[in-house]
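Right, one structure below, let's go through it.
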Amino acid sequence: MKTIEKNRKPKAGLLLVASPRFKNLGEGLSRGTYGERKAADVEQIIGKLDFLDLVYPGVVYEREDAVRSMDMFYAAKVDFVIAEFLSWSEDFAWIRFLRDMPQVPVIFVNVAKGRMTFEDTIDEDDFIDYLCSGTLVGSLEGSGSVKRVPRSNVHVVMGSRDEVTGKIRTFAAAARVRGILKHANVGLLANYNEAMWSTYFDPYNLFTRIGPEIHFLPYSVYGDVIDSVSPAELKEYCDSLTGKYKMMEDVAYDKFEASARASLALAKLAEQSDTDVMVYNDIDQAMFKLVGLRAGFYHPWFNEHTSVLVPEADTGAGLITFILKLLSGKNVNFLEPFHIESDFGTFAGGHAGPNDHNDPEWQQNVVIARDVRFAKTSYKYAGAPFAWYRISPGMKTMAQLAEENGKYKIVCGMAESLPGKQILATYSHSIFRPEVPVESFFEQILKVGTTQHFGIVDGDYRAELKAFAEIMGFEYYEIK
């Protein structure tokens, strides 16, 4: 997928329903007609939604307005629709929208004002304001049709204008991810991981229920791409790595070059195959025999193109890493929890293989070190180095995506990555302290039933993940 498509704003249709019966009431009054007052309200609404690529066809008064709105929303391929009653209104246009609009998430909002702008309804000017203020009665009337039509993926929110706008922002982030996933590609190099069957995803369900196409990328093609890396390309990449990171003295330079070449080839293969989520089976014996090592570096191409790379052929972990990337725009790491230390309320976590070590604020946390796990094997480049990364400190969202008999489950929680030096050879890693007691944290996850792999990113994205799960029809579990 083109990078610009992965970095675009959320695209929303704005459906504002008002009453044709009231439209021309109030002619000659100081505050204008009902229609003119609603037009002023619309300007304020649109002014709050500048974080969206907004498709606004005008206020929906008549059936024809509803049809025009649906046509515009469909043609623009909106990620979702914001629907709001601007007052009480006849509901024929709303029901037509619910019945005929192609399936797309809808956020149905009602805004509560702090106080009314009229004193009584004796004065005609105040009476028009009273009619304009009847958003609650309009929403209540409209809510019944949501259930009676019925239509899936309608999400109701209520609050002040600022509160509702905040909820729209969260919903928009999730709906945008849904839209992007429909055009994304997963590249599986080269097969499922026979050591970890619980990570398997059904490719048909992946395509029909989540969106991405999955392409199986042969090791033979990977080998060809490795061979195609030019000496100039390799030198440039090696120089960039040694210019940023300290290399340990026991690293053989020819093995460093081999690891850098294989890592660069992963990026080139992702680019050539239009892959957004590269799922790399880096423990397959066939791969070791062909390449002689596993790639140890996370090429900057993946971040530059808003793509991700994950090891161990875990499609679900690749997807949640990509989702966190789309939500945050940040560097996302990949880990599995290793062990708990109850005395400190912590656990160690990390992962072997390529991990995103490119966060510009934490380059000092990276050392080029031997992959000691494979140093004593007979493979051609045994012990080839990798970017040994102490994952950056701070509060992180930990999340995973698992499949269970056709159902999908998102599990997420908060954990603090603690500062420190590299302590676990072969693994990019950190020591983490969950927001809740560490035993409870993992007991809850074990009861849900997932896998061992998580995506992890700076900041709190639980609200966005919850909204995404609701939009997608996934089960959502937040560790509390």
Option passing side chain to side chain contact (heavy atoms under 4.5 Å, CB included) with Phe97 (candidates Val60, Val81, Val67, Asp65):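 The option that passes is Val81.
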Test of ring centre spacing under 6.0 Å for Tyr389 and Tyr298: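 Centroid separation for Tyr389 and Tyr298: 6.0 Å or greater.
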salt_bridge(Lys466, Glu478) N-O dist < 4.0 Å: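 Salt bridge: no.
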Side-chain ion pair, Asp53 and Arg8, N-O less than 4.0 Å: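 No, no charged N to carboxylate O under 4.0 Å.
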Contact summary for Lys325 and Val308, nearest pair of heavy atoms: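 Lys325 and Val308 have their closest heavy atoms at CB-CG1, 3.9 Å.
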Atom of Met101, atom of Val104 and distance for their closest heavy-atom approach: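 Scanning both residues, the minimum pair turns out to be CE-CG1, 3.9 Å.
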Phe334 and His453 aromatic ring geometry - parallel, tilted or perpendicular at 30°/60° bounds: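 The rings of His453 and Phe334 sit tilted, inter-plane angle from 30° to 60°.
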Parallel, tilted or perpendicular: rings of Phe347 and Phe442 (30°, 60°):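 Judged by the thresholds at 30° and 60°, the geometry between Phe442 and Phe347 is perpendicular.
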Polar contact flag, side-chain donor to acceptor under 3.5 angstrom, [X]-[Y]:
X: Glu5; Y: His183; answer: no
X: Thr450; Y: Tyr477; answer: no
X: Asn358; Y: Asn331; answer: no
X: Thr3; Y: Glu304; answer: no
X: Asn110; Y: Ser139; answer: yes
X: Lys113; Y: Thr135; answer: no
X: Lys330; Y: Tyr461; answer: yes
X: Asp359; Y: His357; answer: no

When you measure from the centre of the six-membered ring of [Y], is the NZ or CZ of [X] closer than 6.0 Å and no more than 45° off the axis?
X: Arg178; Y: Phe80; result: no
X: Arg209; Y: Tyr408; result: no
X: Lys23; Y: Tyr61; result: yes

Atom pair OH (Tyr34) and CD (Glu27), whose distance is rounded to the nearest 0.5 Å: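 Going from OH on Tyr34 over to CD on Glu27, the span is 15.0 Å.
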Gap separating the NE2 atom of His215 from the CG atom of Leu188, nearest 0.5 angstrom: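 One finds 11.5 Å between NE2 of His215 and CG of Leu188.
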Is the number of heavy atoms from other residues, nucleotides or ligands within 6.0 Å of [atom1] ([X]) greater than 12?
X: Tyr74; atom1: OH; answer: no
X: Phe127; atom1: CZ; answer: no
X: Arg21; atom1: CZ; answer: no
X: Tyr130; atom1: OH; answer: no

Residue pair Leu266, Leu189: steps toward the side chain to side chain contact (heavy atoms under 4.5 Å, CB included) verdict: CA-CA 9 Å; Leu266 282 176; Leu189 180 64; 3.6 Å; yes
Verdict with supporting geometry, Glu443 and Lys447, salt bridge (Lys or Arg N to Asp or Glu O under 4.0 Å): CA-CA 6 Å; Glu443 181 180 22; Lys447 287 179 177 177; 3.5 Å; yes
